[in-house]
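Structure, as structure tokens:
Any value given below was found using the heavy atoms of this structure, including those in side chains, with hydrogens, waters and symmetry copies removed. What you see is a predicted model; the values in this text were computed from it and never measured.
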Amino acid sequence: MLYPLPREVTGRTGAVLRVLHSIEKPYSFAPVAEEIKQNVRAKVEQLFENMSDDIKQDKKYTSIKVKTYIQARRVIYSLIEEARALDIGLIVMGTKGRSGL
């Protein structure tokens with residue numbers, strides 16, 4: 001579900017919405033681990049494509065620039081690396097079925 005942002009805010013700031021999905025490597029050395037990682041990557045790429053299509057279809061969001069990233073490493077390291085490299089001003093993090101960090 002997309003929440004409306006005032007056009008004057010999104011159009012003036014020039015901000016970019018960067019969406020990062022971090023695929024943590026399985027803790028197993030099983031031969032299927034790489035196959036699982038590829039399947040997850042394919043699903044995430046499809047979700048990103050669907051999200052981009054949803055944004056483009058709604059005229060309220062045409063001024064929002066969206067960039068997506070997929071990394072195969074621990075979430076905390078992905079966040080720190082991207083935040084520093086891209087001088088990120090705000091991080092919004094969502095989790096599903098996870099606890100801890």
Would you give me the side-chain donor-acceptor pairs under 3.5 Å for residues 78-91, sequence neighbours excluded?
from  : atom 1 : to    : atom 2 : distance (Å)
Ser78 : OG     : Ser22 : OG     : 3.0
Ser78 : OG     : Gln71 : OE1    : 3.0
Ser78 : OG     : Arg74 : O      : 3.3
Glu81 : OE1    : Arg73 : NH1    : 2.4
Glu82 : OE2    : Gln71 : NE2    : 2.5

Practice item. Give, for atom CE of Met93 and atom CD1 of Ile76, the distance between the pair rounded to the nearest 0.5 Å. Key: 7.0 Å
Practice item. Assess whether side chain to side chain contact (heavy atoms under 4.5 Å, CB included) is satisfied between Val66 and Met51, documenting all intermediate values. Key: CA-CA 10 Å; Val66 179; Met51 178 189 67; 4.0 Å; yes
Check your understanding: So with a 6.0 Å cut-off around OH of Tyr69, is the heavy-atom count from everything else above 12?
Key -> yes
Review point. Quick one: side-chain contact (heavy atoms from CB on, under 4.5 Å) partners of Val16, sequence neighbours excluded?
Key: Arg18, Lys65, Lys67
Study note, to complete from the structure: Separation between CD1 (Ile70) and CG (Leu47), nearest 0.5 Å, reads 9.0 Å
Review point. Under the salt bridge (charged side-chain N to carboxylate O under 4.0 Å, His left out) rule, what pairs show up with a residue in residues 41-53, not counting sequence neighbours?
Key: none
